[in-house]
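We count residues from 1, following the sequence as given.
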Amino acid sequence: MKTDLQKLTLIIIKPFILFILLSLSLFAFISFQTTGQSLSKPAAPDAALPSDIKIRPGYSSYDAYLNRQLNKTLNPKLRQIWTTRDWDRKVTKFAQFFDDLKRRDLLFNASKSLCIGARVGQEVAALKRVGVENSVGMDLVPYPPLVIKGDFHHQPFDSETFDFEFSNVFDHALYPWKFVGEIERTLKRGGVCVLHVLLSRRADKYSANDLYSVKPLEEMFKNSELVEVRSIDGFGLDTEVVFRKNKN
């Protein structure tokens with residue numbers, strides 16, 4: 001009789017225990033999926049962003065955004081063009097920009113410099129051509145020795161590393177406030193940041209944001225002062241914006 005009762009108890013309890021274990025496993029799986037999605041999906045555009053900048057929709061996750069950027073950076077035809085027929089033309093033009101910055105005492109031979117979103121490094125080569133030897137580029141795809149791997153939303157450098165930072169890819173930033181925040185973090189006090197941007201017109205299909213005035217940049221560079229804004233002809237970009245990080 002006792003043995004029969006034990007068997008009956010096991011018959012009843014086993015399914016119950018199995019049900020509990022399956023329920024806990026399912027709950028853990030759902031929780032993990034929800035957490036993973038919240039980490040991988042880009043945050044909604046910051047409501048505090050000024051009206052003169054718009055984040056483009058359509059990215060289901062940060063990985064989706066990165067893959068889209070890599071589609072351009074890894075395009076073999078584009079990389080062939082960048083390293084051959086485009087090379088001298090762009091290095092020469094960038095060298096003119098940097099020479100002009102030197103004449104305005106915004107860039108010096110001794111400046112430790114970073115080019116953000118440098119692809120194959122024409123900007124870096126131009127800096128070295130005008131005498132700024134301690135220069136490096138950063139991009140999602142490295143191009144040694146001029147360009148190392150890095151995401152401009154999370155620069156792989158210590159705080160206050162550079163005297164000068166340059167970029168013409170602000171429009172590719174999905175999180176412009178992080179793009180700017182990382183510049184201010186890695187720029188030394190008194191250091192200079194120069195951005196080439198396109199205002200009032202829609203940039204290329206790989207852009208993640210559209211900028212309609214300098215005002216959003218002024219608001220996002222919270223620890224810097226606006227030095228100057230001027231018109232340029234920079235490979236489809238029309239405005240040069242210069243900031244200097246506060247010294248205290």
Side-chain angles (χ1 to χ4, degrees), residues 56 59 62-101 107 111-130 132-157 161-162 164-176 178-180 182-183 186-187 192-198 201-211 217 232-241:
R56 294 189 184 180
Y59 296 107
Y62 192 66
D63 283 343
Y65 157 77
L66 290 178
N67 286 336
R68 181 163 176 77
Q69 299 304 312
L70 287 169
N71 283 339
K72 180 175 184 178
T73 306
L74 288 173
N75 185 307
K77 291 183 179 179
L78 287 176
R79 293 186 79 80
Q80 176 70 14
I81 292 171
W82 294 337
T83 55
T84 54
R85 77 179 193 213
D86 254 12
W87 182 265
D88 287 337
R89 178 176 69 92
K90 288 195 172 182
V91 171
T92 298
K93 185 67 172 179
F94 281 126
Q96 292 172 358
F97 285 134
F98 295 140
D99 248 341
D100 194 45
L101 290 169
L107 176 65
S111 298
K112 185 173 183 179
S113 302
L114 172 67
C115 295
I116 301 165
R119 297 198 179 96
V120 294
Q122 294 112 327
E123 304 100 309
V124 183
L127 281 168
K128 292 178 181 293
R129 179 179 290 186
V130 301
V132 187
E133 290 293 335
N134 193 0
S135 302
V136 68
M138 178 187 71
D139 207 297
L140 292 173
V141 179
Y143 191 77
L146 298 177
V147 180
I148 68 170
K149 184 177 181 179
D151 181 344
F152 51 51
H153 291 113
H154 307 281
Q155 287 191 24
F157 306 107
T161 295
F162 299 100
F164 176 84
E165 297 193 27
F166 170 81
S167 184
N168 61 359
V169 297
F170 174 80
D171 59 295
H172 287 251
L174 182 62
Y175 302 117
K178 287 187 177 181
F179 179 97
V180 171
E182 283 295 274
I183 289 174
T186 58
L187 201 59
V192 169
C193 170
V194 176
L195 298 180
H196 286 181
V197 297
L198 179 67
R201 291 185 290 121
R202 193 171 175 84
D204 73 31
K205 66 180 182 179
Y206 291 98
S207 297
N209 72 75
D210 295 296
L211 184 67
L217 295 176
I232 58 164
D233 179 10
F235 308 112
L237 306 178
D238 58 20
T239 305
E240 182 176 85
V241 189

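- Taking 4.5 Å as the limit, every side-chain heavy atom of L198 sits out of range of all side-chain heavy atoms of L211.
- Every residue was checked against the salt bridge (charged side-chain N to carboxylate O under 4.0 Å, His left out) condition with E165, not counting sequence neighbours, and none meets it.
- For Q69, the side chain to side chain donor-acceptor pair (under 3.5 Å) partners are H172, not counting sequence neighbours.
- For L146, the side chain to side chain contact (heavy atoms under 4.5 Å, CB included) partners are W87, V124, A125, K128, not counting sequence neighbours.
- Residues satisfying the side chain to side chain donor-acceptor pair (under 3.5 Å) criterion with R68, sequence neighbours excluded, are absent altogether.
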Go through the steps for L78 and R119 under the test side-chain contact (heavy atoms from CB on, under 4.5 Å), then give the verdict. CA-CA 10 Å; L78 287 176; R119 297 198 179 96; over 6 Å; no

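- Under the salt bridge (charged side-chain N to carboxylate O under 4.0 Å, His left out) criterion, K72 pairs with D204, sequence neighbours left out.
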Margin query: Between C193 and L187, is the side-chain contact (heavy atoms from CB on, under 4.5 Å) condition met? List the steps.
Written below: CA-CA 8 Å; C193 170; L187 201 59; 4.2 Å; yes

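- F166 and F97 have their aromatic ring centers separated by at least 6.0 angstrom.
- Nearest heavy atom pair, residue L127 against residue C115, reads CD1-SG, 3.5 Å.
- Taking 4.0 Å as the cut-off between side-chain N and carboxylate O, D139 and K149 do not count as a salt-bridged pair.
- The shortest non-hydrogen separation linking T239 to I232 is N-CG1, 3.6 Å.
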### side chain to side chain donor-acceptor pair (under 3.5 Å) between Y59 and N67, intermediate numbers included
CA-CA 10 Å; Y59 296 107; N67 286 336; over 6 Å; no

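- Going from atom CG of D171 over to atom OG of S207 covers 3.5 Å, rounded to the nearest 0.5 Å.
- Partners of A173 by side chain to side chain contact (heavy atoms under 4.5 Å, CB included), not counting sequence neighbours, listed by chain and number: F152, H153, F179, N209.
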side-chain contact (heavy atoms from CB on, under 4.5 Å) between N168 and L195, intermediate numbers included:
CA-CA 6 Å; N168 61 359; L195 298 180; over 6 Å; no

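- Taken to the nearest 0.5 Å, the CG atom of N134 stands 11.0 Å off from the CG atom of L114.
- In this structure, the side chains of V192 and L107 stay at 4.5 Å or more apart for every pair of heavy atoms.
- Side-chain contact between V130 and Q96: absent, with no pair of heavy atoms (C-beta onward) separated by less than 4.5 Å.
- Considering only heavy atoms from C-beta on, V197 stays 4.5 Å or farther from L237 through its side chain.
- A distance of 11.0 Å separates CD in E123 from OG in S135, rounded to the nearest 0.5 Å.
- The two residues P142 and P144 make their nearest non-hydrogen contact at C-CD, 3.7 Å.
- Looking at residues two or more places apart in sequence or on another chain, you find a side chain to side chain contact (heavy atoms under 4.5 Å, CB included) between P156 and M138.
- With sequence neighbours excluded, no residue forms a side chain to side chain donor-acceptor pair (under 3.5 Å) with R79.
- With sequence neighbours excluded, no residue forms a side chain to side chain donor-acceptor pair (under 3.5 Å) with T161.
- Summarising the geometry, atom CZ belonging to F94 is positioned 6.5 Å from atom CD belonging to Q122; distances are rounded to the nearest 0.5 Å.
- Here the NE2-CG distance, from H196 to D238, works out to 10.5 Å after rounding to the nearest 0.5 Å.
- Scanning both residues, A95 and A126, for their nearest heavy atoms gives N-CB, 3.5 Å.
- Listed by first and then second residue, the salt bridge (charged side-chain N to carboxylate O under 4.0 Å, His left out) pairs that reach into residues 86-97 are D86-R89, D86-K90, sequence neighbours excluded.
- Taking I148 as the reference, V136, F157 meet the side chain to side chain contact (heavy atoms under 4.5 Å, CB included) condition, with sequence neighbours excluded.
- The shortest heavy-atom contact between V194 and F164 is CG2-CE1, 3.7 Å.
- Taking Y206 as the reference, nothing meets the ring-ring contact (aromatic ring centres under 6.0 Å, His included) condition, with sequence neighbours excluded.
- In this structure the side chain of W82 never reaches within 4.5 angstrom of the side chain of Y143, judged on heavy atoms.
- Minimum interatomic distance between V132 and S113 (heavy atoms only, all atoms of both residues): CG1-OG, 3.4 Å.
- Using a distance-only test at 3.5 Å, with no hydrogens or angles considered, a donor-acceptor pair links the side chain of T186 to the main chain of E182.
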Step by step, work out the side-chain contact (heavy atoms from CB on, under 4.5 Å) result for L217 and F170. CA-CA 10 Å; L217 295 176; F170 174 80; 3.6 Å; yes

